[in-house]
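Have a look at the structure below before the remarks.
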Amino acid sequence: MLAEGFDLHRPSSVAEALEFAGRFPGEFRYLAGGTDVLPGLFHGLGATRHLISLQDIAELRAFVPEEGRIGAMVPLGTLAESPELRARFPAVAEAARQAASPNLRNSSTLGGNLLLDTRCTYYNQSAFWREALGYCLKNGGEECRVVQNRERCYAAYCGDLAPSLLVHDARIEVAGPKGRHLRPLKDLYDPQADGRTPFRLGPGEILLSVSLPHEKVRSTYLKLRARSAPDFPEASVAIALTLEGKKLRELRVAASGVATVPLLFEDLTLPLIGHAMTEEVARDLAEKVSRRLHPVTNTAFPPDYRKHVFRHFLMSGIHELQSGTH
Amino acid sequence: MKLRVNSLEYDLAVLPHRLLVDLLREDLGLTGTKRGCDDGSCGACTVLVDGKPRHSCLTLGRLVEGKEITTIEGVASGDGLHALQRAFVEKGALQCGFCTPGMVLTALPLLERVSLSEEEVREALAGNFCRCTGYTKIVEAVLSAAKARGRAP
Amino acid sequence: MTGTIGGRVPLVDGPQKVTGRAQYAGDLQRPGMLHAKIVRSTEAHARILSIDFSAAREVPGVAALLSGERYPRTFGVLPITQDETLLAVGKVRYRGEGVAAVAATTVEAAERAARLVKVEYEPLPEYDDPRDSTGGVTVKIHDESPGSTNLQKEVRQEFGPVDEAFHSAAHTVEVSGTFQGVTHAALEPHAVIAEYGPDGRLTVWASTQVPHYLHRALARVFDLPAHRVRVIKPEVGGGFGGKGDPMPHELVAAALSLETRRPVKLVLSREEVFYLNHGRHPTRNKVRLAAGADGTLTGLEVEALIDGGASSSFGTVTTYYNGVLSVGPYRIPAFRYHGQRVYTNHPPSGAMRAHGSVNTRYSLEVAMDILAERLGMDPTELRLRNFLPPNTTTLNEFRITSNSVRECLLAARERSGWAKKFRSLPLGQGIGVGCGFFISGSNSPIHFTPKFPQSTVHLKVDVDGGVTVHSGAADIGQGSQTVLAQVVAEVLGVPIERIHVSEVDTDTSPVDLGSYSSRVTFMMGNAAERAARSLLEQLKKAASDLTGLPAPSFVPAGDALSAPGHPEATIDFLTAVHKAMEHSGALQSSGSYESPPLGGSFKGAKAGTSPAYSFSAYVAQVDVDLDTGRIGVGKVWAAFDCGTPLNPLLVEGQIEGSIHMGLGQLLGEELRYRKTRLMNPSLLDYKTVSATEMPEVECLLVGKADPEGPFGAKEAGEGPLPPILPAVANAVYDAIGIRFTDLPLTPDRVWRALRDAEKAGGLRKPRPPEAHAR
Ligand SMILES: Cc1cc2nc3c(=O)[nH]c(=O)nc-3n(C[C@H](O)[C@H](O)[C@H](O)COP(=O)(O)OP(=O)(O)OC[C@H]3O[C@@H](n4cnc5c(N)ncnc54)[C@H](O)[C@@H]3O)c2cc1C
Ligand code: SF4
Ligand code: FES
Ligand code: FES
């Protein structure tokens, strides 16, 4: 049941959408597939006066897998089923295939996934539940319920697509009141920000599309979840890796579900380029990476387990990509 | 606004907050579409929107204007049951029947695939919860309907 | 015989359900209907100081506001523990309990008004750990508990020389288990419409398993003569015990209808269903076994501390069942039980599929596995050595008649290739066994007054030859309507299409106690068979009148009555019906079932008595991921003795569904409480098993006809659940050599155990027994 009291707008172009946004400053939200917005609204989370639906904007639905261009409104199901995408950007197709559930993926969009609200056991609850406990930081309250403190929210970013796109060095195109611009996807996330709103997106800005570079990179995505559907990632890893002879030409690793933003570990992987990837190097990398993860007790599995599986996934993923068993 | 459901056109006023599931159940009296959860997780409310299974509880009514919606009431054509529905009944793929409409509509598009394995059926149904059958006979029914079309081993 | 019995007969209501035409309570509408919403307590244990309706009253569309004092009469499913009220009176006992209710013209208005109701509470000490409820309680949850405890029920039983058995035992094994609460999670959230009409009658359509008990509760709480209350059960979207009590919200809807004189509909949200709960009790138990050097069991001791949550529900029965349902399928010469069920400030626990037997069964079957290992014996051999035979009496005086547990175990062992696999699969893979038995209908009715049979069935034949079956048995998806139709068609020798089973309506349906304790097939089936036989006598008489041959010479077959040796005297069914109606204009019959007197004369002797018991033996094969701790269940060989399966299609469905539910409790389902707060009241966070995690199941129906069951049948609704948990846990032990006694075995817990095992000297398969099963 949705509470009454909002208007629904259906712009048919980006310009029109921006115009609506400009008309209702601070009182609107964009609506893509709605699979995150609506469950939130059922529970009184993210209530707003105006919903601006992006579904009628043809430009956002463009999907050119050969060129690595994906409109923000392309459903995850389309990505999961695209043979071209799987051939060129395997981790992206795999992440899409493991997101949510098959039917949800017909509604869930890429844009909505990249901007998925962060999650927490104490936040993704009904209005009744939250009222009974007393609200927390992410929700207008004074205190975090997971890590006793009054400053920082530890809600986890749980989108499945971001890590895979990050390791494929994705760029995004964004349109705002001041025009359009391209930027690296990693700049969409503010690692300094806490779990309340970790996104770097200006007021009214619309995510238009994602583009992936053409180079051939092998990649994979591994996800920890309680069930095969529809559970969110408890920890997940995307890895892109290419070898030149025995040496690494490229290596990128990214994570989801273990911090307030998706994490990309460039500073840890760059120094490895040009070297051989041995079992030891992989273990050392896994160790270093896992020290950067900050899972807390706000999902189904305990933090140490999520870290452990992450390390295991990272090593087995590297192994898989190296040995070409794919 | 105009809504096309099971090849029939309806003309009705829809407030922005109305969900497709409620329009179907309350305004159109198509109560075959079920509601099993509050958070979009169970799949009982699955309907086809332009041929694709979607959760009608996560779909605003206004946003399906002009799209073709198929509910469980529109699956059987003419006199008898659809072959998939018949398979569900004969294979014992339903008990209480509450998940059944969503299951049938999720499985329906699978029959169009060129081939279908048991694993694919299980994966496709993994987001539809059933508490009665343990899924065993549901998977069997879908495979047998696919087989009847020469699509499964 | 027409062959419908024993056939794979699809559900008679299948076509309705598969087309979306079946009507569940939430699908119904009544003219002028209002919608209700319950205001729920944000506190777990607190005095209600005030309820302020002033803001709620202002919401346009609000028709009535209600608090508990208006109808304070208590109710409950058991006559001895009527401790629930439709809304809290004076104090709340769990978070999520109803404190007030609203009826309004739309759901939206009702919800808005409900949110505006202001309740002021004075918090009381909260009790979340049952161990804190057995003594030293400062503010009791219910005044009825003795002393300074929150005790709801305590059972002590002792049979045979228990201490002696343990003193002189060659081996003793002790297992202490911890079990979290699990819940039914039927896919249909509870729904109800109540309509108090101008004729002064209250009609209630409810998603219930127990129309008869709801009928009684409504009459009691509103002080109405029972004939002015009518309960109708439409299709029910799954129950598993979760719709097995008269539920507070059903009475709330009725109360609001009494207040407004309009129909009132109330559909629970999924979250509210979690607070309603009545699921399997969180439990700590201890099982001790004593055995001789050859593995013969000499004693069994069971202790259970059961978290009942905030009310009694079926709890008195639960407390007995945790003990008495462990006296089979093995011969136990000495038995002691101490069970305590305490109130806590959790949502109420109640009856859930395989009520009261799952947790003890788990610890017991794990103990059997440990004992076998101590003895150097194959665990299947140990079980075979100790099985109860057919036609015997347990030491607590359960009468066992048909019993094919031995055949079950032999079949599962053979089909699974046990001998080649046990202790021989590579590290990480394993095979395990678990057995069980369960009642086939509780022998004692819950209410003793007035005295009437446990099940009655009426048949009414129309002039068109259709046979309408009236029964109060609630089909909640298990297919009891289909079984009814099969039984009647079989006796009358007519095609099943002639039979219409009407929905339960207390105006026309005779009393049946409802769908619980796996009683329906056995009791209703017997009643139906008798009703049909009585009808058949009338038809034979008609055939005799038409042909002049004596009535006993006729046999029903092929939609007709024929007399062997007299081919010319075959009378088709419709002709016989018309003849039989000639003078009365009606053709009707009734049949009923009353179980024989059973059980001993000691206190609590009736608990667990049943006219028949089902038996089971499961073998499961698993694959444990040594890196992630995830348990994959590959295949289950489920051998089950339900007597003669009346309909293998439905029996298999019950077994597969039970395995799904049992695996859920073993592997991931749990009501996660932080103190009294339920952390996962949603289907996203309460992890039932999905289609991809469900194992392959091979059903082996090896039972023989039960002498008293309808066409030899026993139950198959609950008994198939318990053995799956220990079978898998024992297989996990075979795979990695680690015993788990605390459920659920989520991957993180398994991983932790794997890690600890590695630290403590490495992970190893357990050693094979010296004596292998042949
Ligand atoms: C039961 C269930 C299970 C789920 N499991 C998973 C899972 O396993 N993994 C996973 O990743 N997700 C999961 N999801 C969440 C969700 O389905 C996906 O993340 C989905 O991709 C979100 O996309 P959407 O289009 O539905 O987003 P919406 O709900 O429409 O939007 C999400 C957010 O993004 C903003 N937004 C969307 N598009 C744009 C744009 N183009 N420009 C600017 N802002 C925009 C919205 O304003 C909103 O804040 C699950 C959801 C449910 C209900
Ligand atoms: S991490 Fe803390 S502040 Fe953030 S949502 Fe959870 S409880 Fe609230
Ligand atoms: S009702 Fe459960 S997913 Fe829509
Ligand atoms: S048949 Fe009951 S939920 Fe699937």
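Chain C forms more heavy-atom pairs under 4.5 Å with one residue of B/T33, B/V75, B/T136, B/T71 than with any other, namely B/T136. With chain B as partner, the option from C/Q16, C/E271, C/K17 having the largest number of non-hydrogen pairs under 4.5 angstrom is C/K17. Per-residue counts of heavy-atom pairs under 4.5 Å with chain C were compared for B/E123, B/R25, B/E73; the largest is that of B/R25. Of the listed residues (C/S682, C/G657, C/P695), the greatest number of heavy-atom pairs within a distance under 4.5 Å of chain B belongs to C/G657. Interface remark: of the candidates C/L28, C/L684, C/I476, C/L684 forms the most heavy-atom pairs closer than 4.5 Å to chain B. When the candidates B/T100, B/D38, B/L30, B/V121 are compared by the number of heavy-atom contacts under 4.5 Å with chain C, B/D38 comes out ahead. The greatest number of non-hydrogen atom pairs below 4.5 Å with chain C, out of B/C96, B/G127, B/C132, is found for B/C96.
With a 4.5 Å cut-off on non-hydrogen atoms, B/L94 touches chain C through its backbone and its side chain both. If you measure heavy-atom distances from C/Q23 to chain B, the contacts under 4.5 Å come from the side chain alone. For chain B, no part of C/V273 is nearby; none of its heavy atoms comes within less than 4.5 Å. Within the 4.5 angstrom heavy-atom criterion, no atom of B/R86 approaches chain C. With a threshold of 4.5 angstrom between heavy atoms, C/E108 approaches chain B through side-chain atoms but not through N, CA, C or O. Contacts between C/A185 and chain B at a heavy-atom distance below 4.5 Å involve backbone atoms as well as side-chain atoms. Contacts between B/D39 and chain C at a heavy-atom distance below 4.5 Å involve the side chain alone, from C-beta outward. For B/S41, the part sitting under 4.5 Å from any heavy atom of chain C is the side chain, from C-beta outward, and nothing else. Heavy-atom distances place the side chain of C/Q29, and not its backbone, under 4.5 Å from chain B. For C/Y686, the part lying under 4.5 angstrom from a heavy atom of chain B is the side chain only. Heavy-atom distances place the side chain of B/V104, and not its backbone, under 4.5 Å from chain C.
Looking only at side-chain heavy atoms (C-beta outward), C/D475 and C/L11 stay at 4.5 Å or farther from each other. Residues B/L3 and B/L28 meet the side-chain proximity criterion, which asks for heavy atoms closer than 4.5 Å. Side-chain contact between B/Y135 and B/M103 is present, with at least one heavy-atom pair separated by less than 4.5 Å.
By the 4.0 Å N-to-carboxylate-O rule, B/K147 lies too far from B/E140 to be salt-bridged with it. Residues B/E65 and B/K2 are not paired through a salt bridge, judged by the lack of any N-O separation under 4.0 Å between the basic side chain and the carboxylate. Contact check on C/E693 versus C/R630 returns no salt bridge, with no Lys/Arg side-chain nitrogen under 4.0 Å from an Asp/Glu carboxylate oxygen. Classification of C/E188 and B/K34 as a salt-bridged pair fails, no side-chain N sitting under 4.0 Å from a carboxylate O. Here B/E26 does not pair with C/K265 in a salt bridge; the nearest charged N to carboxylate O distance is not below 4.0 Å.
Residues passing the ring pair (Phe, Tyr, Trp, His ring centres under 6.0 Å) test with B/F98, sequence neighbours excluded: C/Y24.
A donor-acceptor contact shorter than 3.5 Å is absent between the side chain of C/H190 and the backbone of C/L266. Side chain of C/R353 to main chain of C/G717: a donor-acceptor pair is present (N/O by atom type, distance under 3.5 Å, no hydrogens or angles).
Legend: ring-ring contact (aromatic ring centres under 6.0 Å, His included) pairs involving residues 9-36 of chain B, not counting sequence neighbours: none detected. The list of salt bridge (Lys or Arg N to Asp or Glu O under 4.0 Å) pairs with a residue in residues 43-61 of chain B, not counting sequence neighbours, is empty.
Of all heavy-atom pairs spanning C/G479 and C/L650, the tightest one is O-CD1, 3.9 Å. In plain terms, the two heavy atoms of B/C37 and C/L683 that are nearest each other are CB-CD1, 4.1 Å.
When the heavy atoms of residues 659-668 of chain C are compared with those of chain B, the residues falling under 4.5 Å are C/H660, C/M661, listed by number.
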